[in-house]
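Heads up, the thing below is written out as structure tokens.
Sequence lines set the chain letters: A, B, ... in the order given, protein chains first and strands last, and positions in each chain run from 1.
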Amino acid sequence: MKSGRREREGPQSKGFAFPDWAYKPESSPGSRQIQLWHFILELLQKEEYQGVIAWQGDYGEFVIKDPDEVARLWGIRKCKPHMNYDKLSRALRYYYNKRILHKTKGKRFTYKFNFSKVVLVNYPILDMANSPFFLAQNHFNGSTGTPDCSPEVRGVG
DNA sequence: ACCGGAAACT
DNA sequence: AGTTTCCGGT
């Protein structure tokens with residue numbers, strides 16, 4: 001039988017799930033703040049946000065059901081009170097060239113992840129054996145979405 | 001709604 | 001580098 005870890009699967013998710021190691025606590029080396037695509041993944045992972053953003057359609061495809069709310073939540077996380085969908089979507093558009101995302105044309109508020117890129121670039125799968133991802137996964141899942149500007153995470157020293 | 005250049009900010 | 005802000009164009 002397969003030795004891989006079981007994939008996360010919500011009760012009502014239609015067979016779609018990320019492998020556990022796709023979850024990462026923070027951003028890639030270089031930037032300290034959470035990245036937008038991490039945040040999107042985070043919302044997508046939680047069932048309480050299925051009315052706001054959810055997987056839909058093809059593999060890796062998701063639809064933003066409530067653009068204003070997603071923008072609001074992103075604004076809270078980044079402490080940008082004036083965030084809106086216009087600006088958030090600009091950030092998503094920068095992912096096109098980076099090949100992290102692309103737009104599903106014709107479908108409103110619908111984008112699609114390029115998992116091969118997202119996964120391979122950000123997580124050295126080959127190094128999974130002794131990677132901190134399995135540990136990080138717990139950290140990630142335990143995250144309640146504390147804003148990066150929160151005093152809790154800001155300066156302790 | 002969606003696109004992408006340009007400049008500013010971190 | 002990864003956005004945030006702004007905006008003219010489709």
*Do R90(A) and Y94(A) meet the cation-pi criteria used here (NZ or CZ under 6.0 Å from the six-membered ring centre, within 45° of the axis)?*
yes

_Just the rounded figure in Å: distance from P of dC9(B) to NZ of K80(A)._
10 Å

*Rounded to the nearest angstrom, tell me the gap between atom NE2 in H82(A) and atom C1' in dA8(B).*
16 Å

*Whole Å only: how far is the CZ atom of R108(A) from the P atom of dC2(B)?*
7 Å

*Which atom names give the shortest non-hydrogen contact between I53(A) and L43(A), and what distance separates them?*
CG2-CB, 3.6 Å

*asked:* How long is the straight-line distance from CD1 of I34(A) back to NZ of K78(A), given to the nearest 0.5 Å?
replied: 9.0 Å

_Could you check whether any side-chain N or O of K103(A) sits under 3.5 Å from a backbone N or O of K107(A), counting only pairs where one atom can act as donor and the other as acceptor?_
yes

*Any chance the rings of F113(A) and Y59(A) have centres within less than 6.0 Å?*
no

*Between W74(A) and dT4(C), is there a side-chain N or O to OP1/OP2 distance below 4.0 Å?*
yes

*Hey, is the main chain of Q50(A) close enough, under 3.5 Å, to the side chain of K65(A) for a donor-acceptor pair?*
yes

*With a 4.0 Å cut-off on heavy atoms, is L36(A) in touch with a base, just the backbone sugar-phosphate, or nothing at all?*
sugar-phosphate

*Taking only N and O in the side chain of Y85(A), is any of them less than 4.0 Å away from OP1 or OP2 of dC2(B)?*
yes

*How many Å lie between CE on M83(A) and C1' on dG2(C), as a whole number?*
12 Å

*Between P of dG2(C) and CD of Q35(A), the distance in whole Å*: 6 Å

*For the pair made of CG in N84(A) and P in dT4(C), what is the distance, rounded to whole Å?*
10 Å

*Output yes when a side-chain donor or acceptor of S89(A) lies under 3.5 Å from a complementary backbone atom of K87(A), and no otherwise.*
no

Give each protein N/O atom lying under 3.5 Å from an N/O atom of nucleotides 3-6 of chain B, with the pair distance.
unit_1, atom_1, unit_2, atom_2, d
dC3(B), OP2, Y96(A), OH, 2.8
dG4(B), N7, R90(A), NE, 3.3
dG4(B), N7, R93(A), NH1, 2.9
dG4(B), O6, R93(A), NH1, 2.8
dG5(B), N7, R90(A), NH2, 2.9
dG5(B), O6, R90(A), NE, 2.8
dA6(B), N6, Y94(A), OH, 3.3

*Nearest whole angstrom, please: distance from the P of dG2(C) to the CD1 of I34(A).*
14 Å

*Check every strand shown and say whether Y95(A) touches a base, only sugar-phosphate, or nothing at a heavy-atom separation below 4.0 Å.*
sugar-phosphate

*Roughly, in whole Å, what's the span from CG in L92(A) to P in dG2(C)?*
14 Å

